[in-house]
Amino acid sequence: MTRIGEIIETSSTAVVAESVELNQAPALGSLCEMQSRDGRTLYAVVSFGRTAGFDPGRRAVRRGSDTVADAELYRQSPELNRILRTEFSAALAGWQEPGGRIWQRLPPQPPPLHYSVHACPPETVARFSESLGYLRLLLNSMGDLSPDQLIAANVRAVYAARGDDGDWLARAGREVASLLKNDYDRLMTVLQAIEP
């Protein structure tokens with residue numbers, strides 16, 4: 001499993017993690033996993049990412065010039081790797097006992113601080129997304145990104161991880177339509193955003 005971050009903030013509904021690599025937040029909507037103290041695997045959907053300075057009171061300043069920009073700027077200023085950090089948030093979406101059934105609901109306990117966050121391989125994404133009940137959790141999530149856009153990003157990410165499975169995409173579209181049946185404008189916004 002690929003370690004992508006370390007939990008730096010945790011709650012009953014979401015985690016914030018610092019990325020292992022600067023400027024390498026996981027893709028919006030992708031599925032990640034972490035362990036709980038009691039051995040459960042907790043699943044979460046990446047809902048936000050950002051890169052900023054360590055000091056939240058100080059905004060990063062422009063360092064480039066006409067001759068030094070982009071990747072070259074990082075090569076010539078290696079201290080940026082020590083004064084900047086990339087963070088991402090992930091909405092908790094389910095959990096699994098060791099070797100047991102996957103539950104698509106909030107876990108009994110949040111994951112511990114400083115535990116690792118791993119990217120889920122495609123086979124785990126496929127297993128987790130067989131049931132679509134977790135989309136209701138995402139629809140009711142609170143965070144920096146609108147729930148509608150989070151659902152759309154997740155559906156696109158899962159669709160890709162499942163090898164462009166059109167049958168799954170059609171099921172996901174029907175599930176979204178069921179969840180948003182009383183709000184046509186929101187429904188259309190999500191469906192247009194998930195169209196491959």
Side-chain angles (χ1 to χ4, degrees), residues 1-37 42-94 106-107 109-120 125 134-135 137-161 185-186 189-190 192-195:
M1 251 187 300
T2 304
R3 183 174 184 265
I4 56 174
E6 179 180 315
I7 298 170
I8 58 172
E9 187 178 315
T10 183
S11 75
S12 297
T13 60
V15 299
V16 177
E18 185 172 330
S19 291
V20 171
E21 296 286 329
L22 183 64
N23 294 317
Q24 294 295 316
L28 187 65
S30 62
L31 190 67
C32 58
E33 64 182 65
M34 60 223 70
Q35 296 298 308
S36 66
R37 286 191 194 277
L42 309 181
Y43 298 102
V45 175
V46 175
S47 59
F48 183 74
R50 74 177 188 166
T51 299
F54 274 102
D55 183 354
R58 295 186 63 188
R59 183 177 223 122
V61 296
R62 183 181 58 81
R63 289 177 166 244
S65 67
D66 290 340
T67 57
V68 179
D70 303 329
E72 183 61 28
L73 176 66
Y74 282 90
R75 280 191 287 281
Q76 290 190 19
S77 303
E79 72 277 4
L80 291 176
N81 288 315
R82 292 186 301 280
I83 63 173
L84 299 176
R85 68 181 178 171
T86 299
E87 299 175 348
F88 62 93
S89 301
L92 290 168
L106 293 176
Q109 295 287 322
L113 279 175
H114 301 298
Y115 271 43
S116 295
V117 180
H118 297 93
C120 287
V125 173
Y134 74 98
L135 292 178
L137 276 176
L138 297 184
L139 184 64
N140 294 310
S141 67
M142 310 266 283
D144 295 302
L145 183 68
S146 82
D148 299 353
Q149 291 304 313
L150 178 57
I151 287 174
N154 173 256
V155 169
R156 289 191 308 268
V158 171
Y159 173 68
D185 291 335
R186 279 182 78 189
T189 299
V190 174
Q192 288 170 353
I194 65 175
E195 185 179 352

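The first residue in the sequence is number 1, and the count goes up from there.
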Looking at CZ of Arg3 and CE of Met34, how far apart are the two atoms once the value is rounded to the nearest 0.5 Å?
-> 12.0 Å
Working to the nearest 0.5 Å, report the span between CZ of Arg50 and OG of Ser89.
-> 8.0 Å
Provide the closest heavy-atom pair for Met1 versus Ala119 in the form atom of the first, atom of the second, distance.
-> CG-O, 4.1 Å
d(Leu31 CG, Asn154 CG) to nearest 0.5 Å is 7.5 Å
Measure the spacing between CG of Leu106 and OG of Ser11 and express it to the nearest 0.5 Å.
-> 9.0 Å
Give a yes or no on whether Arg59 atom CZ has more than 12 heavy-atom contacts from other residues, nucleotides or ligands under 6.0 Å away.
-> no
List, one per line, each side-chain donor-acceptor pair under 3.5 Å for residues 64-76, sequence neighbours excluded.
residue	atom	partner	partner atom	Å
Ser65	OG	Thr67	N	3.3
Ser65	OG	Thr67	OG1	3.3
Ser65	OG	Val68	N	3.1
Glu72	OE1	Arg75	NE	3.1
Glu72	OE1	Arg75	NH2	3.1
Glu72	OE2	Gln76	NE2	2.8
Tyr74	OH	Asn23	ND2	3.1

Is there side-chain contact between Arg85 and Ile8, with heavy atoms separated by less than 4.5 Å?
-> yes
Minimum heavy-atom distance between Cys120 and Cys32, given as atom pair plus value = SG-C, 3.6 Å
State which residues pass side chain to side chain contact (heavy atoms under 4.5 Å, CB included) with Tyr159; sequence neighbours excluded, sorted by chain then number.
-> Asp164, Trp168, Leu169, Pro196
Check side-chain hydrogen bond (donor to acceptor under 3.5 Å, both in side chains) between Glu21 and all other residues, then give those that pass, not counting sequence neighbours.
-> none
In Å, rounded to the nearest 0.5 Å, how long is the span from CD of Glu33 to CD1 of Ile4?
-> 9.5 Å
Between Thr10 and Pro112, is there a donor-acceptor pair closer than 3.5 Å when you use the side chain of the first and the backbone of the second?
-> no
Nearest heavy-atom neighbours spanning Ala93 and Tyr134 = O-CB, 3.7 Å
Could you pull out the closest heavy-atom pair between Leu42 and Gln109, with the gap in Å?
-> CD1-O, 4.1 Å
Report the distance from atom CG of Leu138 to atom CG of Leu150, rounding to the nearest 0.5 Å.
-> 5.0 Å
Are any side-chain N or O atoms of Ser19 and backbone N or O atoms of Leu22, one a donor and one an acceptor, separated by less than 3.5 Å?
-> no
Could you tell me which non-hydrogen atom of Ala25 sits nearest to which non-hydrogen atom of Gly49, and how far apart they are?
-> CB-CA, 4.5 Å
